[in-house]
Amino acid sequence: MKLTVEVTLDELAPSIEHAYQHIAKDVSIPGFRKGKVPARILEQRIGFGPIIEHAVNDALPGFYRDAVTEAGVSPLGQPDVEVTTVPTSAKEGAFAFTAEVDVRPEIALPELSSLTVEVDSLEVADDEIDERIEVMRQRFGTLAGVERAAKEGDFVVLDLNATIEGEEVDTVSGVSYQIGSGNMLEGLDEAVTGLSADESVTFTAPLAGGERVGEQAEVNVTITAVKEQELPELDDDFAQLASEFDTLAELTDDVRTQAAAGKVDGQAVQARDKLLDALLAAVDFPVPAGVVEAEVHRHLEGEGRLEDETHREEVREEATESLRRQLLLDVLAEQLKVKVSQEELIDFLVRTAQQYRVDPNEFVQNADKTGQIPVFVGELARNKSLALALRQVAVVDGDGSAVDLTPFIGSDELDAGDAGADDASDSEIVEVETEEAPAAETAAEAPAAEEKPKRVRKAPAKTAAATDSDESGEAAAEEKPKRARKAPAKKAAADEAATDAPADEAAAEEKPKRARKAPAKKDAEQA
């Protein structure tokens with residue numbers, strides 16, 4: 001959209017007066033103290049050009065925001081501003097400019113009550129239990145040397161040397177490696193399978209790290225030892241060794257309980273993801289190409305890969321999908337009238353600071369100085385909108401039975417009671433302005449506000465919505481099981497902090513770029 005903005009001289013007068021005062025502080029004129037030079041004398045010495053330049057750059061961002069508000073549009077990214085008219089003196093002329101900016105497209109969401117999402121059932125299969133217990137056995141396994149050829153699952157001690165065109169680029173020795181794990185070099189598993197101690201093999205593989213990562217290297221590997229993992233027997237003695245339980249049956253029951261609890265948490269994550277997919281599939285809208293290209297350029301410039309066309313296409317696809325999700329969630333947040341409480345914002349900022357291992361006060365101050373607070377509020381609102389939307393969507397399991405996600409997404413009834421408590425305590429609400437949300441960000445730079453779903457303890461409206469996370473139950477087998485004393489429904493879900501902060505594109509709060517034809521050489525971004 002292109003906006004044409006015309007400003008009267010009276011409206012620009014305060015900025016012109018401010019320009020006189022500001023410039024007078026830096027100009028030395030005989031007979032006058034700095035800051036006390038009359039406007040007439042100042043114009044005679046330096047001309048009206050620098051004065052109107054300062055005034056335009058000072059006033060333009062505010063007039064642009066006013067124009068956006070009056071036009072009722074939701075801008076994305078920075079506008080391209082061109083000053084077309086400036087006053088010829090403090091008493092004559094007018095100020096006019098054009099601003100061209102990408103705007104949010106019209107998005108018509110389907111009725112939420114018409115949507116149904118299916119999640120996994122809570123049934124825990126026996127093979128899942130066996131797999132978890134097998135992981136526990138491996139933790140308590142021992143290694144014993146064997147006089148035979150290595151096979152998959154064995155541990156080998158190896159020396160490795162990699163060269164490119166005769167130049168040694170990497171070497172390691174005495175490294176323990178489990179065949180089949182695939183966490184070293186591509187092709188290593190195939191190369192060492194069948195080798196015995198003191199045997200060597202040479203193969204070609206791309207380097208997995210270092211300055212020459214990805215380059216093909218000639219790799220020579222020597223096996224110095226082959227070891228077999230010996231696992232403890234599955235009996236009551238193992239249960240006592242690996243846990244606080246006296247019998248294997250008790251341990252198995254506890255592992256099943258933990259697995260079921262993990263599935264309960266996973267249902268909320270899965271429902272959130274499937275709802276977002278369903279909404280994206282139900283609507284079709286154009287994504288502003290200018291915003292996408294700006295994000296692609298920013299991303300590639302940060303990586304120093306502006307000339308990598310193959311990677312450019314990958315980043316463009318990721319940025320496009322990210323922007324589609326963001327725009328849709330902005331509309332959803334507006335439709336549901338989502339509000340972010342100050343408590344939610346502070347909680348998020350503190351947890352994010354802890355994740356980055358910085359002082360929370362310092363993190364909040366830096367976020368405020370760099371203008372990131374509105375970005376975080378927007379992300380929290382988008383995530384929260386999915387939780388609120390799930391209240392209106394039918395969520396069922398594989399058998400078609402309704403799934404109750406109230407512990408994670410709350411309910412309107414609980415919100416109503418909480419609203420009364422908030423009114424009594426004058427709880428502060430942070431205004432959500434989705435039209436000023438950040439522009440696209442790549443999938444590699446995940447939104448900062450994303451977090452696992454939490455169980456609602458007091459006010460579900462104060463719980464940030466679930467977003468991407470690992471399957472909650474994955475870590476269950478890694479933990480030393482304890483005696484089950486409480487039902488899984490009372491077990492609090494993991495409270496994970498979010499990752500990477502969102503992109504810096506701001507929208508209406510962004511200051512316009514330098515005007516191409518402005519008499520000033522100063523950036524129009526200066527407020």
Side-chain angles (χ1 to χ4, degrees), residues 1-16 18 55-87 94-109 285-288 290-291 294 323 326-340 342 345 368 370-382 385 428-440 502-516 518 523-527:
M1 177 171 288
K2 186 175 184 178
L3 301 173
T4 299
V5 184
E6 297 179 355
V7 181
T8 65
L9 192 59
D10 288 341
E11 292 174 304
L12 189 62
S15 295
I16 295 177
H18 175 268
V56 165
N57 287 332
D58 178 60
L60 196 149
F63 288 131
Y64 167 73
R65 287 192 294 269
D66 292 343
V68 165
T69 301
E70 184 178 340
V73 297
S74 300
L76 300 170
Q78 293 184 346
D80 187 8
V81 176
E82 180 180 352
V83 174
T84 55
T85 306
V86 294
F95 171 44
F97 65 92
T98 62
E100 190 170 347
V101 66
D102 287 310
V103 297
R104 192 178 74 192
E106 293 293 328
I107 302 175
L109 296 177
F285 57 90
V287 175
V291 179
L323 182 57
Q326 176 181 302
L327 296 178
L328 184 144
L329 291 176
D330 283 344
V331 173
L332 182 63
E334 290 178 4
Q335 181 173 301
L336 297 176
K337 297 180 174 58
V338 174
K339 293 182 178 180
V340 175
Q342 190 167 22
L345 177 61
D368 186 44
T370 56
Q372 290 294 299
I373 297 298
V375 175
F376 293 146
V377 172
E379 275 302 311
L380 283 168
R382 295 184 193 105
S385 69
E428 198 168 343
I429 297 295
V430 181
E431 290 297 325
V432 179
E433 301 181 4
T434 55
E435 69 273 16
E436 298 178 3
D504 291 332
E505 296 278 3
E509 283 297 332
E510 286 284 356
K511 299 185 179 74
K513 296 179 182 176
R514 175 186 291 182
R516 291 196 298 271
D523 229 339
E525 291 181 352
Q526 295 178 341

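Predicted model, so just to flag it, every value in this text is computed and none were measured.
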Supply the atom-to-atom distance [X] [atom1] to [Y] [atom2], rounded to the nearest 0.5 angstrom.
X	Y	atom1	atom2	answer
Ser385	Leu336	OG	CG	6.5 Å
Glu11	Ile16	CD	CD1	11.5 Å
Lys2	Glu82	NZ	CD	6.5 Å
Leu332	Glu334	CG	CD	10.0 Å
Phe63	Leu60	CZ	CG	8.5 Å

Could you pull out all residues at least two apart from Ala96 that satisfy side-chain contact (heavy atoms from CB on, under 4.5 Å)?
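Partners of Ala96 under the side-chain contact (heavy atoms from CB on, under 4.5 Å) test: Glu6, Thr84, Thr85.
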
Run the side-chain contact (heavy atoms from CB on, under 4.5 Å) test against Val287 and tell me which residues pass, sequence neighbours left out.
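Here the qualifying residues are Phe285, Val292, Thr320, Leu323, Arg324.
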
Residues at least two apart in sequence or cross-chain that pass side chain to side chain donor-acceptor pair (under 3.5 Å) with Thr4, listed by chain then number, are none

With side chain to side chain contact (heavy atoms under 4.5 Å, CB included) as the criterion, how do Tyr64 and Val101 come out once you've worked through the C-alpha distance, each side chain's angles and the decisive distance to 0.1 Å?
CA-CA 11 Å; Tyr64 167 73; Val101 66; 3.8 Å; yes

Hey, which of Leu109, Ile107, Asp330 is the one that makes side-chain contact (heavy atoms from CB on, under 4.5 Å) with Gln335?
Leu109

Do Pro14 and His18 come close enough that some side-chain heavy atom pair is under 4.5 Å?
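A side-chain contact under 4.5 Å is absent here.
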
State, with a plain yes or no, whether a side-chain heavy atom of Pro288 is found less than 4.5 Å away from one of Leu327.
yes

Heavy-atom pair of closest approach, residues [X] and [Y]:
X	Y	answer
Asp102	Gly290	OD2-CA, 3.3 Å
Leu12	Ala55	CD1-O, 4.3 Å
Leu345	Val340	N-CG1, 4.4 Å
Val338	Ala381	CG1-O, 3.8 Å

Under the side chain to side chain contact (heavy atoms under 4.5 Å, CB included) rule, what do Val5 and Phe95 come out as? Steps first, then yes or no, please.
CA-CA 8 Å; Val5 184; Phe95 171 44; over 6 Å; no

